[in-house]
Number of protein chains: 2
Amino acid sequence: MRDDRFCASNCPFTRAIGTIGNKWKPIIINVIGTRTIRFGQLDSIVPHISRKVLAEQLKELEEDGLLERWAYKELPPRVEYKLSEKGLAFLPILENIKEWNCKYEVALTPKATDRVSYAK
Amino acid sequence: MRDDRFCASNCPFTRAIGTIGNKWKPIIINVIGTRTIRFGQLDSIVPHISRKVLAEQLKELEEDGLLERWAYKELPPRVEYKLSEKGLAFLPILENIKEWNCKYEVALTPKATDRVSYAK
DNA sequence: TATTCTGGTTACCACCAGGTAACTGCAAAT
DNA sequence: ATTTGCAGTTACCTGGTGGTAACCAGAATA
């Protein structure tokens, strides 16, 4: 899930990708946003994710300091998640990705054959 | 590599994550940057990547319009890669990720036990 | 008494990402 | 005549990711 070789890199960018560079974490962070949310809510809102994988990702996000987990000693149990300062600071980056995608997604890409050079 | 469920989502953000949300693509885009680079160079610069995976990732990046591939009909073959306009537009986002990581990486995170509420 | 509600964990299993090594094709150099 | 160089591709194999289903506790509800 997290790539140890990446996380142990001496390049800070590589380390960053080692922690948030997978498909689930950006989705989860984006779904949480600025609100406080419970495990069951996440499980039903995030599409196609299994409880097992969701629990793993949340644990890693907490370990990496992006997420705060508040467990209330009640029965049935109640656990609330919210982004930390670090996690909140990541939201604008996700906004940029959204804007970037909306701007460029539909742009047609020339086919490779149009770009082959017959030099020589 | 690319997640079809993500790419077929009706949420543009999810689709974006479906295309660039893995660990190799941000690394490759970052390594290329604004320069023109050959396959062999990428293979030796990007750490820990195999030629097979590199070729796959480059192909997907080209298909998604982030990368331009220029093949020169020479022998031995010469192939040059450079980011498209879309790919170049993604570079500032990677810069933001670098800054974000440098700012927050070393911040200590309180342990979960410090945050357990004993309410009730 | 049995069911429900919540937030997970665990065992088990299948698939696929990704690694390795060998191979290609042709020209130029040794 | 053999080696080298480039940009991959292919076959083969393994490990890890991720899915499913069952299970937990203990209170409240029916």
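The basis for the numbers below is simple: all heavy atoms, side chains too, and nothing from hydrogens, waters or symmetry mates. This one's a predicted model, so the numbers in the text were calculated from it and none came from an experiment. Below, read A as the first sequence line, B as the second, and so on, with proteins coming before strands; counting in each chain starts at 1.
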Trp100(A) vs Lys86(B) side-chain heavy atoms within contact, under 4.5 Å: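 Yes, at least one pair of side-chain atoms sits under 4.5 Å.
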
Side-chain touch Phe13(B)/Ile27(A), heavy atoms, less than 4.5 angstrom: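 They are in contact (side-chain heavy atoms under 4.5 Å apart), so the answer is yes.
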
How close or far is atom [atom2] of [N] from atom [atom1] of [X], stated in whole angstroms?
X: Tyr72(A); N: dG8(C); atom1: OH; atom2: C1'; answer: 18 Å
X: Arg69(A); N: dG7(C); atom1: CZ; atom2: P; answer: 10 Å
X: Leu54(B); N: dG19(C); atom1: CG; atom2: P; answer: 11 Å
X: Leu75(A); N: dT4(C); atom1: CG; atom2: P; answer: 18 Å
X: Glu60(B); N: dC16(C); atom1: CD; atom2: P; answer: 15 Å
X: Lys73(A); N: dT6(C); atom1: NZ; atom2: C1'; answer: 15 Å
X: Arg2(B); N: dC16(C); atom1: CZ; atom2: C1'; answer: 16 Å
X: Glu80(B); N: dG8(D); atom1: CD; atom2: C1'; answer: 16 Å

Presence of salt bridge, Lys98(B) and Glu95(B), under 4.0 angstrom: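 Between Lys98(B) and Glu95(B) there is a salt bridge, with a charged N closer than 4.0 Å to a carboxylate O.
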
For [X] and [N], is the shortest distance between a side-chain N/O and OP1 or OP2 below 4.0 Å?
X: Lys52(B); N: dA21(C); answer: no
X: Lys59(A); N: dT9(C); answer: yes
X: Arg78(A); N: dG7(C); answer: no

Return all side-chain donor-acceptor pairs below 3.5 angstrom for residues 33-40 of chain B, not counting sequence neighbours, or 'none' if the list is empty.
{"unit_1": "Arg35(B)", "atom_1": "NE", "unit_2": "Val31(B)", "atom_2": "O", "d": "3.3"}
{"unit_1": "Arg35(B)", "atom_1": "NH2", "unit_2": "Val31(B)", "atom_2": "O", "d": "3.0"}

Earlier contact from the 5' end, DNA chain C, for Pro77(B) and Arg51(A):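 Nearer the 5' end of the strand: Arg51(A).
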
5' precedence on DNA chain C between Pro76(A) and Phe39(A) (nearest-nucleotide basis):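 The answer here is Pro76(A).
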
Side chain Lys25(B), main chain Thr19(B), donor-acceptor under 3.5 Å: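 Here the side-chain-to-backbone pair exists.
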
Whichever of Gln41(B) and Ile49(A) has its nearest DNA chain D nucleotide further upstream toward 5':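 Result: Gln41(B).
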
Closest to the Val53(B) side chain, choosing from dA7(D), dT9(D), dG18(C):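 It is dG18(C).
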
